[in-house]
Amino acid sequence: MSFFIPLLVLSTTTLAQLTPSPTYSPPSATAGLASSTSSPNTQWSAVLGNSLYFYDAQRSGRLDQGTYGNRVSWRNDSALNDGSDWNLDLTGGWYDAGDYIKATFPMTFTLSALSWGALTHGGGYDLAQQTAYLDGTLRWGFDWLIKAHPSNDVLFVQVGSGEVDNAYWGGDENIPTPRPGYPVNSSSPGTDAWASAATAFSLGSLLYTPSISYNTTSSSAPPSSIADANYAATLLSHARALYATANTTSPRQTYYETLGESVAAYASSNWNDDLCLSALALALATNDSSYYADAYSYYTQYRLSGSQEVWNWDSAIPAIYVMFAELATARPGLAVGAGLSTNLTGWQTEVETYFDRIVNGNLRRGYLTRGGLLYFEGDSDEASLNPAVAITMLMFKYAPLASSSSKTESYNNFAHGQLSYLMGDNPMNVPYIVGQHPNSPQNPHSAPASGGDNIQAIRTSPQTEAHVLYGAVVGGPLSDDRFWDWRDDWVQTEVALDYNAMIPTLASMQLLNNTADPHYVDVQAGTYSIPTDPPCDAALPCGGGGGGLSAGAKAGIAIGVILGVLLILCGIGFWKRESLAAWWRKGYRRPKV
Ligand SMILES: *[C@@H]1O[C@H](CO)[C@@H](O)[C@H](O)[C@H]1NC(C)=O
Ligand SMILES: *[C@@H]1O[C@H](CO)[C@@H](O)[C@H](O)[C@H]1NC(C)=O
Ligand SMILES: *[C@@H]1O[C@H](CO)[C@@H](O)[C@H](O)[C@H]1NC(C)=O
Ligand SMILES: *[C@@H]1O[C@H](CO)[C@@H](O)[C@H](O)[C@H]1NC(C)=O
Ligand SMILES: *[C@@H]1O[C@H](CO)[C@@H](O)[C@H](O)[C@H]1NC(C)=O
Ligand SMILES: *[C@@H]1O[C@H](CO)[C@@H](O)[C@H](O)[C@H]1NC(C)=O
Ligand SMILES: *[C@@H]1O[C@H](CO)[C@@H](O)[C@H](O)[C@H]1NC(C)=O
């Protein structure tokens with residue numbers, strides 16, 4: 001604990017947290033039919049504003065505690081005893097997805113993605129007058145993460161029991177208890193969780209540092225007024241402590257290996273990539289080459305080169321490649337100080353080998369759907385948009401650093417194609433952001449937004465979602481590009497912190513570039529229809545979803561039965577995305593790096 005005492009001394013010069021002016025509330029979905037007639041583009045500003053609003057809807061704890069109060073009138077204070085089992089205050093933070101678990105690992109991924117995007121493309125928040133909401137969103141997350149890290153080696157990785165929570169579908173006033181907290185610590189290590197939190201704190205710290213420059217591109221600039229030296233110092237102290245703990249505690253192992261089934265929702269496959277990325281992010285935040293030396297040594301020691309994996313909470317490698325390339329451009333002294341070559345050409349080769357596989361259709365386990373969505377087998381089977389949107393952000397971020405103008409163009413084009421797909425340029429004519437357009441999904445799998453309380457009838461009770469969960473990206477269509485807007489189909493309609501994590505950056509990039517409207521303004525209202533045959537996915541296994549069975553559903557029924565039996569054998573409820581994800585992750589899905 002003594003580690004943090006010096007920070008209190010600094011508190012005299014704290015800058016005020018930002019107050020939104022003007023205040024923003026999402027417009028109704030019909031606003032998505034009108035072309036923007038001004039600059040900055042009002043549609044991209046709305047995408048940015050709504051995608052941050054989603055994080056307000058996910059808030060836990062006392063809702064009047066933030067910098068600008070509660071914007072989401074239908075949400076209530078909740079989970080006010082979190083942490084009491086450890087005599088700690090672990091209230092606050094965000095619910096992870098459509099339920100009421102607070103999950104640290106995907107949350108730190110989210111904070112990292114938001115902060116890293118705002119570091120290089122923050123100016124769009126200013127253009128959209130969303131900087132105060134970015135500040136409020138980041139502080140809501142980081143303030144909780146600080147509470148979840150009460151001493152150097154202790155990090156709470158989850159609050160709430162998956163078992164208890166999976167049995168509940170209802171509003172935020174009757175969230176079931178107990179809601180235990182699950183820590184890792186020096187005798188029960190969680191290298192991946194410590195490292196991933198260190199990454200988030202590092203990137204957040206740099207973003208809040210006054211007058212920083214991190215010029216990877218000509219448009220690099222964090223939002224103009226977010227700087228707060230004291231907050232930056234606080235975040236950095238947590239980053240250093242977490243990294244030191246991750247780097248020195250043995251055995252190094254994942255928090256799932258330590259805690260087992262209780263945290264199975266986000267059981268990561270390994271900790272190597274997280275440790276490498278955290279060293280790199282700390283190098284960036286501190287300008288200290290010893291962290292860079294660690295990052296490079298882990299990159300070689302763990303053979304992280306040549307990966308073809310996605311970028312998500314479980315897979316940091318693509319971000320490692322892009323960050324190395326950024327540092328070769330913006331912080332060449334880090335490598336030199338570590339006695340290494342800056343090697344921009346080498347990092348370009350690493351990134352471009354990966355991206356060229358994607359663009360040229362040479363991924364070992366990936367392809368474009370007929371409608372044009374980048375699809376990673378396995379990872380995209382639940383929440384198909386997430387891998388595509390993550391790569392989109394990375395490609396746009398990296399494109400200006402590419403080794404040739406033709407590669408720059410190729411990555412920009414590919415990324416624009418994915419972004420357009422997300423925004424409604426797809427066979428369904430659905431922009432996959434709730435409340436953005438009349439064709440947007442109407443039935444996100446969110447217990448609080450749904451207004452329902454009957455876990456046996458999630459799809460139909462009530463018929464109409466009670467509240468519009470503005471700004472939420474849903475899981476997305478199946479590999480045949482078809483989308484069933486069914487509330488019980490968590491594969492397609494669930495929402496989550498990490499699904500939204502790239503959207504503010506993508507909107508900010510478009511605002512900075514002053515590009516044309518998002519595709520959805522050209523989509524006519526009502527031009528989509530839900531397929532009449534039932535879907536076939538992990539939430540609704542083939543044949544089990546609806547009335548009559550299609551030929552395809554019948555053909556798939558055997559697989560569905562086997563899958564169902566396996567799930568039951570595993571003792572896992574199959575109506576929540578996390579459970580199946582956990583089942584995959586028990587060594588089944590992802591090859592160890
Ligand atoms: C918040 O409380 C109000 C008043 O009791 C209730 O009508 C509403 O459904 C609650 N919201 C949620 C998300 O449960
Ligand atoms: C360390 O973490 C383990 C696993 O969560 C927990 O059982 C144990 O009580 C913790 N130890 C301390 C001293 O808090
Ligand atoms: C980086 O950007 C800042 C702000 O635009 C600018 O003042 C600075 O000169 C740039 N630095 C480099 C090295 O280009
Ligand atoms: C991290 O641990 C390695 C040994 O495992 C050590 O060589 C290195 O110096 C440590 N990094 C820092 C920044 O202390
Ligand atoms: C980082 O350190 C190098 C010296 O090693 C210095 O030249 C450079 O200006 C520093 N950069 C920042 C952003 O502090
Ligand atoms: C530069 O990067 C290339 C490609 O990743 C690698 O083969 C080479 O060893 C690196 N060179 C140095 C001096 O680090
Ligand atoms: C910015 O504009 C350039 C030139 O039109 C384009 O190639 C690039 O893709 C745009 N970047 C983003 C992030 O949209």
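On a predicted model such as this, the values are computed, not experimentally measured, just so you know. Index from 1, following the sequence. Heavy-atom basis, side chains included; hydrogens, waters and symmetry copies ignored. First listed ligand is number 1; within each ligand, the first listed atom is number 1.
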For R331, atoms of ligand 5 separated by under 4.0 Å from a heavy atom: 13 (C)
Aromatic ring proximity Y133/Y53, centre distance under 6.0 Å: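 No, the ring centres sit 6.0 Å or more apart.
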Heavy-atom proximity to atom 8 (C) of ligand 1, best of D453, V72, D77, N76: N76
If you have a sec, work out which protein heavy atom is nearest [atom] and how many Å separate them, to one decimal?
| atom | answer |
| --- | --- |
| atom 9 (O) of ligand 1 | E173 OE1, 4.5 Å |
| atom 13 (C) of ligand 4 | D294 OD2, 3.4 Å |
| atom 10 (C) of ligand 4 | N247 ND2, 2.4 Å |
| atom 14 (O) of ligand 1 | D172 N, 2.9 Å |

Proximal atoms of ligand 4 relative to Y291 (non-hydrogen, under 4.0 Å): 13 (C)
All ring-ring contact (aromatic ring centres under 6.0 Å, His included) counterparts of Y231, not counting sequence neighbours: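 Once residues adjacent in sequence are excluded, the partners of Y231 under the ring-ring contact (aromatic ring centres under 6.0 Å, His included) criterion are Y208.
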Atom 5 (O) of ligand 4 touched by protein (heavy atom, under 4.0 Å): yes
Atom 2 (O) of ligand 5: any protein heavy atom closer than 4.0 Å: yes
Mutual orientation of the aromatic rings belonging to H149 and F201 [parallel < 30°, tilted 30-60°, perpendicular > 60°]: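 Tilted: the ring planes of H149 and F201 meet at 30° to 60°.
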Ring geometry between Y292 and F324 (parallel below 30°, tilted from 30 to 60°, perpendicular above 60°): perpendicular
Member of W311, W313, Y266, W116 meeting the ring-ring contact (aromatic ring centres under 6.0 Å, His included) criterion with F109: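 Among W311, W313, Y266, W116, the one that satisfies the ring-ring contact (aromatic ring centres under 6.0 Å, His included) with F109 is W311.
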Test ring pair (Phe, Tyr, Trp, His ring centres under 6.0 Å) applied to W347 and Y299, step by step: CA-CA 12 Å; W347 295 117; Y299 162 81; 4.9 Å; yes
Interatomic spacing from CG in N50 to OG in S440 - rounded to 0.5 Å: 9.5 Å
Ligand 4 versus R252: contacting region, heavy-atom distance under 4.0 Å: side chain
N/O separation below 3.5 Å, N287 to ligand 5: yes
Close approach, Y298 and ligand 4, non-hydrogen under 4.0 angstrom: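 For ligand 4, residue contact (heavy atoms, under 4.0 Å) with Y298 is present.
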Enumerated ligand 1 atoms positioned under 4.0 Å from heavy atoms of P448: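 It comes down to these atoms of ligand 1: 13 (C).
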Enumerated ligand 1 atoms positioned under 4.0 Å from heavy atoms of G171: 14 (O)
salt_bridge(D96, K102) N-O dist < 4.0 Å: no
Nearest heavy atoms of P400 and T217, plus distance in Å: CG-CG2, 3.7 Å
Cation-pi geometry met for R59 and W94 (6.0 Å, 45°):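 Negative - R59 is either too far from the ring of W94 or too far off its axis.
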S290 N/O under 3.5 Å from ligand 4 N/O: no
